[in-house]
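A short write-up of the structure that comes next.
Source: prediction; values computed, not measured. Chain letters run A, B, ... following the sequence lines, proteins first and then strands; every chain starts at 1.
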Number of protein chains: 2
Amino acid sequence: MSSDNEYNTPRPRRVTAQIVAEAAGVSRSSVSRAFTPGAYLDADKRKKIHEVAAQMGYQPNALAAGLKDGRSHLVAVFVGNMRSAYDTEFVMALVGQLNPLNKWPILIDGGDQSAEKAIQQVLRYPLDALILRGGSMQAEVVTHCSKIGVPMISAGRVVEAQGVDNVCCRNAEGTRIATRVLIEKGRKKFGYIGGPEAFSSSSGRRAGLLDSLAEAGLSLVAETDGDFTVDAGHRAATRLLTTHSLDALICANDATAIGALTAARDLGVSVPETLSVVGFDDIEMAGWPTFDLSTVCNPIDEAVEHVIQLLEKRLKNPLKASETILIKPHFVPRGTH
Amino acid sequence: MSSDNEYNTPRPRRVTAQIVAEAAGVSRSSVSRAFTPGAYLDADKRKKIHEVAAQMGYQPNALAAGLKDGRSHLVAVFVGNMRSAYDTEFVMALVGQLNPLNKWPILIDGGDQSAEKAIQQVLRYPLDALILRGGSMQAEVVTHCSKIGVPMISAGRVVEAQGVDNVCCRNAEGTRIATRVLIEKGRKKFGYIGGPEAFSSSSGRRAGLLDSLAEAGLSLVAETDGDFTVDAGHRAATRLLTTHSLDALICANDATAIGALTAARDLGVSVPETLSVVGFDDIEMAGWPTFDLSTVCNPIDEAVEHVIQLLEKRLKNPLKASETILIKPHFVPRGTH
DNA sequence: ACATCTTGTGCACACGTGGTCACATACGCT
DNA sequence: AGCGTATGTGACCACGTGTGCACAAGATGT
């Protein structure tokens, strides 16, 4: 780590309320009041102050304000893997909803190897909250957060801990529904391409598949694990399709499914005539004409909305009991099943 | 905007150095020193303090520290459009490089309609810097930043203003090279699908195309503008290919090219046999087997590295003259030309 | 003219930290 | 013992803000 004292030229300091006060010929308190909506201040004086402030480029220092009331309006957003399209879309939706609440997201990429260190450092700020989107988080960090009173909201993975709220998709139900649709279409020889074993979403989705197969008296013909990427999906599907005779391929997420789709084409297996391919998440790309992927929708807008609601509730009442909201997925029929 | 005073239950305040001092039986100063690398403190006492602090979950409040030395270690990252794969990849690389410098990114999505308001609010924090990745930024914001002494670094678009450093790709050179390659292959009837007119990158890329065409005594057969998305690329290419006879399609970015590629397939035009399609940026997706897109590499890692270097230089010397670094693109031959 | 109420503003404090300064303690040397 | 020096530590201040409190000034009522 580089030394912090290597700055030779000091930065010209920011304009402060004191400076504005002197320039406008009023007291510093009045400047502060001019920027505080509810405060008593003569209308003319307020206008004058705003003019001077605008000219000098003054805005109240959010850091100092936060120091006073213990609320920084900063929210750390920990993203499991920004390289995944689902996570990216999720973050975009989340950031869009955070802004109107006056909350500003500090982004931490869980895919980066220094993520743990990064999160430790970011926790030195008095965060209003820590939002987790997927990924894995050391238990140590969770307990640390609850110890220092930073609320956590986890999306996509249920974290059982005090003061942690959760929003999660009913993963098993998603694949259960999709599998039923395929069985009704007459599919019998199912393969599964999962994600990393450590991810609860992956195991949940697999469980739903097994449920529906059992229900119909079928069993899983072949399976293998990937890492949620297109590349891994391609490799895994190539392996499965060349070693087994399959008529349906359930994938743990859309990226995997897109890789599998490409692999099928490369092998000359026609989709959906002889093989059904189904993904999970319904990322934007799944709807592109090239792929036209049948998938299970893991609704982002709904999830984000719940996250925001939980955040607001938690901020209003920091001591409230933890909540877990489960979201119902639905099947999106397109051209690959 | 919601009132800020609607929090009924006050959050239990953070553990402070004072509390730790009392618990450890030392003075507050000693606690501070225990967390300051260079400071004099008895080794045993330091160890003791660290133990107590760890147990209580204490970490120095970064806000208060920043208030003191005028450096928040926060960096606003304004992204033109996080829905674009290039921007996403850029941000990921940037965030990864920012963390080791102890800088934390506050993400602002320029694609969101409230982006202008958001940036105004975020500027209330004493940011160490504002990094722009593409997109358009009101001149007002730029002058405001320079007025309050927040350094700006723009990537992908040259902003001519005091205290603004720039990193940008030689866009014209990129398409110039690509066009030459296609001309050497015997292509003569070129079409161009641009981006929004307001984007300098789009016009630069078009200029390079025209250069090389003129050089070879050719002229542009047809062109139209999109909005840098796959969908727009698809629509634009469909229009161009059905109304003109073309053997080469130069696209302003990869997303557009991928859309065009799909459109060509849909129309039964064989690529690369009868039509060459070339993109710009070399996003990850361009390398996927499904697309195997020939394109111009707009190197992200190199750009990010320069941004970081400029940032460090600027922080060391806030008054230094502005710099503009131009990056040399190169052609990436794949299967679509 | 005096009392009461309303409205506006300045003072002073708290927030949590890092650093400077002065002071206390201990140690080595003559 | 006396002195100089090295080392450790406590008291204080600055950073920029919001706000409670007290007070001043002006308006209104009797």
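Electrostatic pairing of Lys313(B) and Asp165(B) does not count as a salt bridge here, judged by no charged N lying under 4.0 Å from a carboxylate O.
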Nucleotides 6-9 of chain D: which of its N/O atoms have a protein N/O under 3.5 Å away?
residue, atom, partner, partner atom, Å
dT9(D), OP1, Lys45(B), NZ, 2.8
dT9(D), OP2, Asp42(B), N, 3.3

Got a list of protein N/O to nucleotides 13-17 of chain D N/O distances below 3.5 Å?
residue, atom, partner, partner atom, Å
dG16(D), OP1, Arg13(A), NE, 3.3
dT17(D), OP1, Tyr58(A), OH, 2.8
dT17(D), OP1, Asn61(A), N, 3.2
dT17(D), OP2, Thr16(A), OG1, 3.0
dT17(D), OP2, Ala17(A), N, 2.6

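Spacing between atom CG of Leu63(B) and atom C1' of dA14(C) amounts to 15 Å, rounded to whole angstrom units. Note: CG (Asp69(A)) to C1' (dG16(C)) measures 13 Å, nearest angstrom. If you take NE2 of His73(A) and C1' of dG18(D), they are 12 Å apart, rounded to a whole angstrom.
For an aromatic pair to be called close, the ring centres must be under 6.0 Å apart, and Tyr125(B) with His73(A) fails this.
Judged as a salt bridge (charged side-chain N to carboxylate O under 4.0 Å, His left out), and not counting sequence neighbours, the contacts of Asp87(B) are Arg133(B). Scanning for side-chain contact (heavy atoms from CB on, under 4.5 Å) contacts around Thr16(B) gives Gln18(B), Ile19(B), with sequence neighbours left out. Annotation: salt bridge (charged side-chain N to carboxylate O under 4.0 Å, His left out) contacts of Lys68(A) (sequence neighbours excluded): none. Residues passing the salt bridge (charged side-chain N to carboxylate O under 4.0 Å, His left out) test with Arg83(A), sequence neighbours excluded: Asp109(A).
Of the inter-residue distances, the one linking Leu127(B) atom CG with Cys145(B) atom SG reads 7.5 Å to the nearest 0.5 angstrom.
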Original post:
Between Phe35(A) and Gln59(A), is a side chain to side chain contact (heavy atoms under 4.5 Å, CB included) present by the stated rule, with each step listed?
Top reply: CA-CA 8 Å; Phe35(A) 283 88; Gln59(A) 278 188 289; 5.6 Å; no
